[in-house]
Amino acid sequence: MEIRMALNVFDHDDYRPPVWKSYLYQLQQEAPHPRRVTCTSEVENRPKYYGREFHGMISREETDQLLSQAEGSYLIRESQRQPGTYTLALRFGNQTRNFRLYHDGKHFVGEKRFESIHDLVTDGLITLYIETKAAEYIAKMTINPIYEHVGYTTLNQEPTLKNQVQRCPDEPDAARGRNDCSTERLTSLVRRATLRESDLAPKYEKVHNFKVHTFRGPHWCEYCANFMWGLIAQGVKCADCGLNVHKQCSKVVPNDCQPDLRHVKKVYSCDLTTLVKAHNTKRPMVVDMCIQEIEARGLQSEGLYRISGFSELIEDVKLAFDRDGEKADISSSAYEDINIITGALKLYFRDLPIPLITYDAYPRFIEAAKISDPEKLLESLHEALKLLPPAHCETLRYLMGHLKRVTQYEKENLMSSENLGIVFGPTLMRAPGLDAMTALNDIRYQRLVVETLIAHEDVVF
């Protein structure tokens with residue numbers, strides 16, 4: 001597929017939107033329409049969630065005869081072999097298709113759930129028609145994607161999109177001659193292509209957070225540029241950056257999610273890599289801001305990190321970050337007690353859905369902590385750090401450097417690397433699904449990991 005994208009994506013006047021292909025959209029328009037075959041007689045024991053399309057316990061032969069009127073004809077019958085179970089019978093391709101029908105508040109024959117039988121049949125006919133007519137085309141959809149990985153940060157200026165009517169050269173002839181394949185929508189794909197990459201922007205890899213999504217109105221896949229067919233659950237949408245793609249295309253989309261602040265609504269309990277990419281920072285702003293505040297006025301505070309602040313005020317700091325982000329006020333005028341700030345920092349790490357030392361890397365860190373030889377211990381920790389996602393590793397490095405500076409005031413704050421290891425071990429490391437006894441035994445190794453990282457942060461990172 002020939003993609004007419006601007007060579008210089010930063011020249012907004014020369015920007016050209018991607019080519020949206022209309023072939024599958026046209027097939028959806030051509031798909032047979034549902035034709036309900038109603039039962040003229042009263043049927044006993046008809047389930048309350050079925051209407052006149054329910055014909056009771058009739059044979060397959062009777063069903064074929066009733067549906068022979070036209071493509072898209074459908075009815076519901078009760079199974080003769082398994083009374084109490086129901087079958088949706090549908091005429092497609094000059095033959096009767098039978099589907100086991102279920103109801104749990106919504107109607108379904110597969111993964112998709114529908115409010116009405118009519119919607120279920122409409123979606124089914126669209127899917128059957130498109131997958132029959134365009135099976136080979138669909139199989140090749142991901143071969144020449146329009147999706148391009150372009151580094152991007154915060155969108156400061158939207159491009160001026162010019163009217164374009166472009167043909168899609170690799171589509172069947174039937175799809176040509178209409179201008180459905182071009183649109184001016186500013187999608188996340190266009191955003192990716194028009195955002196200027198900052199020289200200082202960290203290039204962390206992040207997988208997309210795809211969720212099944214129902215699109216209202218016609219939508220096109222931002223990976224392959226093909227129409228997303230069906231009535232509901234036509235594809236998936238990244239909850240972090242808003243990228244819309246087919247379910248099959250989601251399997252080949254690069255791990256280059258750039259979260260959009262419109263989708264990332266909070267700071268606490270947000271995936272760490274998602275947060276730093278959304279805000280275009282090396283580390284979570286809550287980590288940087290709390291550490292800067294602590295180092296400015298709290299390094300000599302006795303029991304730093306060991307003494308807890310008032311939980312209600314710590315919750316206030318959390319809400320301030322979730323609401324105001326980097327504009328949150330955590331100064332001494334807002335929170336005089338430095339233990340409120342240390343408590344907020346610890347809470348941030350405890351609330352991470354994936355711990356700072358990730359579940360995947362956890363076993364390697366624990367195994368390293370069991371090594372008695374000091375030199376081999378440091379080598380093993382250095383190798384274990386390589387298993388962390390870059391944003392996690394950078395945040396851990398920064399935190400350990402800070403805690404090292406805390407220990408330099410041990411005479412005043414009484415916090416040694418061992419004491420800090422006791423505090424931060426369970427905060428930064430959580431056992432992945434281990435039984436209670438094993439998790440309890442791991443606490444001493446968690447402490448040792450953090451204690452060693454603090455003491456030797458200049459060597460292991």
Side-chain angles (χ1 to χ4, degrees), residues 149 151-155 188 191-192 195 198 201-213 222 236-245 250-251 253-291 314-315 317-328 344-365 384-400 424 426-433 446 450:
H149 179 100
Y152 58 107
T153 59
T154 304
L155 179 59
S188 59
R191 184 167 68 91
R192 176 180 301 101
L195 293 175
S198 166
K203 298 174 178 62
Y204 297 143
E205 181 180 275
K206 180 190 179 307
V207 297
H208 290 273
N209 182 19
F210 286 122
K211 307 287 185 184
V212 175
H213 190 77
E222 293 170 2
V236 294
K237 184 186 188 77
C238 179
D240 297 331
C241 73
L243 185 70
N244 305 320
V245 296
S250 69
K251 299 172 184 177
V253 172
N255 295 336
D256 65 347
C257 174
Q258 176 61 57
D260 187 340
L261 289 174
R262 290 175 297 177
H263 300 285
V264 179
K265 303 293 186 183
K266 56 187 178 180
V267 171
Y268 280 69
S269 302
C270 176
D271 172 69
L272 190 148
T273 302
T274 299
L275 186 68
V276 298
K277 286 182 74 70
H279 289 271
N280 193 37
T281 56
K282 291 178 69 176
R283 298 172 296 272
M285 96 282 283
V286 62
V287 174
D288 281 10
M289 290 175 64
C290 286
I291 286 177
I314 291 173
E315 190 67 23
V317 174
K318 171 184 175 179
L319 294 175
F321 274 114
D322 283 341
R323 182 182 64 247
D324 304 325
E326 59 189 13
K327 294 181 181 179
L345 182 60
K346 290 186 292 183
L347 178 62
Y348 171 75
F349 288 120
R350 286 199 301 272
D351 277 1
L352 284 174
I354 300 175
L356 189 60
I357 294 178
T358 61
Y359 294 123
D360 290 342
Y362 181 91
R364 288 287 293 274
F365 279 90
L385 286 168
K386 295 179 181 178
L387 299 177
L388 295 179
H392 284 244
C393 190
E394 166 58 25
T395 303
L396 182 61
R397 181 200 64 78
Y398 186 72
L399 176 64
M400 294 301 107
F424 276 95
T427 301
L428 305 181
M429 306 177 68
R430 296 199 295 273
Q446 293 172 355
V450 175

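The minimum heavy-atom distance linking Phe365 with Met429 is given by the pair CB-CE, 3.8 Å. Taking each heavy atom of Phe210 and Cys238 in turn, the nearest pair found is CD2-N, 3.6 Å. Heavy atoms only, all atoms of each residue included: Cys393 and Leu385 are closest at SG-O, 4.0 Å. Summarising the geometry of Gln446 relative to Pro426, their closest heavy-atom pair is OE1-CA, 3.5 Å, with the distance given to 0.1 Å. Closest non-hydrogen pair, Thr273 versus Glu205, comes out as CG2-O, 3.7 Å. In this structure, Gly242 and Glu222 approach most closely via the heavy-atom pair O-OE1, 4.4 Å.
Using a 4.5 Å cut-off on side-chain heavy atoms (C-beta onward), Asp288 and Thr281 make no contact. Under the 4.5 Å side-chain criterion, counting only non-hydrogen atoms from C-beta, Thr427 is not in contact with Val450. Using a 4.5 Å heavy-atom threshold, the side chains of Cys257 and Asn209 count as separate.
In this structure, Phe349 has no ring pair (Phe, Tyr, Trp, His ring centres under 6.0 Å) partners at least two apart in sequence or on a different chain. Under the salt bridge (charged side-chain N to carboxylate O under 4.0 Å, His left out) criterion, Asp324 pairs with no residue, sequence neighbours left out. Checked against side-chain contact (heavy atoms from CB on, under 4.5 Å), Val212 has the following partners two or more places apart in sequence or in another chain: Ala233, Val236. Not counting sequence neighbours, the partners of Lys386 by the salt bridge (charged side-chain N to carboxylate O under 4.0 Å, His left out) test are Glu383. Legend: residues meeting ring pair (Phe, Tyr, Trp, His ring centres under 6.0 Å) with Phe321, ordered by chain and number and at least two apart, are absent. Under the side-chain contact (heavy atoms from CB on, under 4.5 Å) criterion, Pro355 pairs with Tyr359, Arg430, sequence neighbours left out. Every residue meeting the salt bridge (charged side-chain N to carboxylate O under 4.0 Å, His left out) condition with Asp351, not counting sequence neighbours, appears here in chain and number order: Lys318. Lys206 pairs by the side-chain hydrogen bond (donor to acceptor under 3.5 Å, both in side chains) definition with Asp240, Thr274, not counting sequence neighbours. In this view, Glu326 and Met285, Met289 satisfy the side-chain contact (heavy atoms from CB on, under 4.5 Å) rule, not counting sequence neighbours. Tyr268 meets the ring pair (Phe, Tyr, Trp, His ring centres under 6.0 Å) test with Tyr348; sequence neighbours excluded. For Arg364, there are no salt bridge (charged side-chain N to carboxylate O under 4.0 Å, His left out) partners two or more places apart in sequence or in a different chain. Applying the side-chain contact (heavy atoms from CB on, under 4.5 Å) rule to Thr358 yields the partners Ile354, Asp360, Ala361, Leu388, Pro389, His392; only residues at least two apart in sequence or on another chain are considered.
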Could you go step by step and tell me if Leu356 and Leu399 meet the side chain to side chain contact (heavy atoms under 4.5 Å, CB included) rule? CA-CA 10 Å; Leu356 189 60; Leu399 176 64; 4.3 Å; yes
Arg350 vs Leu345, side chain to side chain contact (heavy atoms under 4.5 Å, CB included): CA-CA, chis, key distance, verdict: CA-CA 9 Å; Arg350 286 199 301 272; Leu345 182 60; over 6 Å; no
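The SG atom of Cys241 sits 5.0 Å away from atom NE2 of His208, with the distance rounded to the nearest 0.5 Å. In this structure, CZ in Arg283 is found 7.0 Å from OG1 in Thr395, a value given to the nearest 0.5 Å.
Put simply, the side chain of Lys237 never gets that close to the backbone of Leu243: no donor and acceptor are under 3.5 Å apart. Side chain of Asp322 to backbone of Val267: a donor-acceptor contact under 3.5 angstrom is found.
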